[in-house]
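Below is one structure, written out as structure tokens, with a few remarks after it.
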Amino acid sequence: MQPQAGESVCRGRWIQIHLNGRDCYAQWEDCGPWVTDDWQYVFGNKPPRNTANGGAGLDVSPAVRDYLRINSGQKVHWRFVEADQVPYGPWKRYGQPAQTPGGPDIDAQRRYLDYLRKLRDQQYQNRSRWELENS
């Protein structure tokens, strides 16, 4: 099916956004509002064709803005990532998992449980014999 003009072909795809040593993950929502067919920017290596709003190439939600501490007009680095590359974090509570629309992201939940088990094991291994015997 051919997308309609102004309809995003990237909707639901995950992106990683990086600024000042912090990463945030979000799902692509829509295209525009100024330029809706700038494939050379989105998939290539050209700067955005947009000239409005300071030449913005990416609009982010207030939650992403606040998490990354982005100031208006500040440049960020971003890239597409596959759903299985998205680590557990607050972003996993929102959006739609790619394989099961509307359902839980089982892989993310499994990775988070593995992470918690590793933390538990590390804490246990770091305890002294006295702490283990007297707790």
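Residue indices begin at 1 and follow the sequence shown.
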Just list the side-chain donor-acceptor pairs under 3.5 Å for residues 61-76, sequence neighbours left out, or say none.
{"unit_1": "Ser61", "atom_1": "OG", "unit_2": "Ala63", "atom_2": "N", "d": "3.4"}
{"unit_1": "Ser61", "atom_1": "OG", "unit_2": "Val64", "atom_2": "N", "d": "3.2"}
{"unit_1": "Gln74", "atom_1": "OE1", "unit_2": "Asn71", "atom_2": "N", "d": "2.8"}

Within a strict 4.5 Å, meaning less than it, do heavy atoms of the Trp91 and Trp14 side chains meet?
yes

Counting distance only, does the side-chain N/O of Gln85 pair as donor-acceptor with the main-chain N or O of Glu82 below 3.5 Å?
yes

Does Ile17 reach the side chain of Tyr25, with side-chain heavy atoms less than 4.5 Å apart?
no

Can you list the residues that meet the side chain to side chain contact (heavy atoms under 4.5 Å, CB included) rule with Arg79, with sequence neighbours excluded?
Gln16, Val81

